[in-house]
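So that the names make sense, note that chain A is the first sequence line, chain B the second, and so on, each numbered from 1.
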Amino acid sequence: MRLRFAPSPTGYLHVGGARTALFNWLLARRSGGSFILRIEDTDLSRSTEEAIEAIIRDMRWLGLDWDEGPEVGGEHWPYRQTGRVNLYRRAAEELLREGSAYRCFCLPEELAERRERAVKEGRSPMYDRRCRSISPEESLAMAREGKPFALRFAVPEGETVVRDLVRGEIRFRNEEIEDFVLLRNDGSPTYNLAVVVDDLDMRITHVVRGDDHLPNTPKQILLYRALGEEEPAFAHLPMIVGRDGKPLSKRHGDVAVGSFQERGFLPDAMVNFLALLGWSLDDSTTIMDRDTLVAGFSLERVSSKPAVWDDEKLLWMNSQYVMAMDAEELAHALMPFLARAGLAEGDDTEALEKMRRIAPLIRERIKVLADAVPLVAFFFREPEAEEEARELLVGEENRAVLRETGKRLLELEGFDAAALESALRAMAEEMGVKPRKAFQPVRVALTGSKVSPPLFESMEILGRETCLRRIARSLEEGGMEKG
RNA sequence: GGCGCAUUAGUCUAGUUGGCCUAGGACGCCGCCCUCUCAAGGCGGAGAUCGCGGGUUCGAAUCCCGCAUGCGCUACCA
């Protein structure tokens, strides 16, 4: 099997595109075939180099590697349509010669006007094929005169059947299909011509794409036939929509793959989640690693109804992958986030060492990597007690607990979590204070918050000196607040 | 308007050839347990007249027809 993902570089890679790319990739990997990345940049005015770079970067981040395409090469270089115009032109000439295409001298403005009028009068806005009746001689003469023209496909009579691997057979009556444009009046190819020529040239065997392309498919099939070729197999994936049932867009929040990376989603979690948008392995499996995905994926199990993007579930899934990371991995993954928050330098080995110890404490407390920042900040800089936590630093009982804690920490032999816990539990009991009442003031003094990673383990990492200093400082400030 | 696609709980879905579905799993939600906070984890629970209406059949979420709703396409965008 040879499959491809052919994004148009008019913006960042969004999750819908990523899902399409993933399904193609999965099929290629599963079949031992090839996965090709091709840039569909026929629309010069909207395509940008930055978008191409972003798409490549995001694809790599997701771990969707391609066998042919930008950066890796291949015999169909450059894998972007702007570099392959001769191919399209040659195909167009062939179609013109064979009578499958004709020159259309209608001006775009005229066309727009006629279309508008047709809609207003309740007629079909389809092109009326008026230039189709211009004789070849006259057509050629007009072209020689320098009259601008577009090349249109002459849709034959009959019916075109799309055999879709997801939806089965779909029939289209050809009279419903417009004589679509193949070459614009500037000679550039349109999408329909370019995809067909590229897919043919690259020997694509399966075209897997979003179902917004379904109505285009009969046009393309007609083109394949006119070129004397067999069409590849088609599979149209359901759209991804938001909770309101509308196609996923920026209105629904972040849809760019890059923004998920920034929030600290893991590539494996994204891939797992994306795979489940319109596909399922069986009736119960949710968490699947790449190998399982590759081994189990099939188009037969792709659903045909739109998939709703569920942020909550993505978050949960990501947390599952975070929990599965070991301390080493997590610590490394977290460093860029610490750096961005100004808590450490990106290459700070001391901070990395500390993060290795912190990682197990926060692993099941974060859903995305960015969640770690507020949770671990107190390990890296002096905390400022949160407004709603200050109450735990004032009052006689709280202050007594803090004073006594300081005393016990000073006397303690070692400074590991187990020793700390037994010492402070003993203290609470002797003071007649419930453990939770005794530990909360300490937590606030050390972390600045009522919510933190486990106290004793955190204390061990902070070290005796830091703990004592923070307790003393809290006592001071609490005293001032009281007075 | 025309053409096409879709329609199982708030959400992702299972349900491939009709009976094993008094509709299964997961997210979320609620409760209990665990507990130094928050999580995580364990246990339990609520939640779907399978869009609506007909039909075929001994029997339909599963097949057929109609309707409704949503979405896509209808560009010299992709």
Under 4.0 angstrom, heavy atoms only, what part of the nucleic acid is [X] near: base, sugar-phosphate, or nothing?
X	answer
A:K246	sugar-phosphate
A:R46	base
A:T42	sugar-phosphate
A:D41	nothing
A:H213	base
A:E300	nothing
A:C106	base

Pair partner, [N] [Watson-Crick or wobble, under 3.5 Å]:
N	result
B:U22	none
B:G51	B:C67
B:A14	none
B:U57	none
B:G31	B:C43
B:G1	B:U74

Residue mapping more 5' on RNA chain B - nearest nucleotide basis, A:D186 or A:L314 = A:L314
In terms of the nearest nucleotide of RNA chain B, which residue is placed more toward the 5' end: A:P125 or A:T285?
-> A:P125
Could you run through nucleotides 4-14 of chain B and give me one letter per nucleotide, 5' to 3': B if any protein heavy atom sits under 4.0 Å from the base, S if only the sugar-phosphate is that close, - if neither?
-> SSSSB-SBBSS
Where protein sits on nucleotides 36-52 of chain B, one letter per nucleotide: B base, S sugar-phosphate only, - none, heavy atoms under 4.0 Å = BBBBSS-----------
Pairwise [atom1] distance, [M] and [N] [rounded to whole Å]:
N	M	atom1	answer
B:C36	B:C27	C1'	30 Å
B:C38	B:G44	C1'	23 Å
B:C50	B:G24	P	14 Å
B:C5	B:C43	P	45 Å
B:G53	B:U69	P	16 Å
B:A26	B:G47	C1'	15 Å
B:G1	B:A23	P	40 Å
B:C65	B:C71	P	25 Å

[N] [atom2] sits how many Å from [X] [atom1], rounded?
X	N	atom1	atom2	answer
A:R114	B:A75	CZ	P	13 Å
A:E176	B:C3	CD	P	6 Å
A:D198	B:A78	CG	P	12 Å

Salt bridge flag under 4.0 Å for residues [X] and [Y]:
X	Y	value
A:E404	A:K407	yes
A:D179	A:R129	yes
A:K450	A:E388	no
A:D201	A:R84	yes

Would you say the side chains of [X] and [Y] form a donor-acceptor pair under 3.5 Å?
X	Y	value
A:N174	A:T160	yes
A:R443	A:S452	yes
A:Y191	A:N216	no
A:S304	A:R167	no

Aromatic contact, A:F23 with A:F297 (centres under 6.0 Å) = yes
Any donor-acceptor pair under 3.5 Å linking the side chain of A:R301 with the backbone of A:W279?
-> no
Could you state the interatomic distance from OH (A:Y224) to OG1 (A:T217), rounded to the nearest 0.5 Å?
->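 Between A:Y224 OH and A:T217 OG1, I get 9.5 Å after rounding to 0.5 Å.
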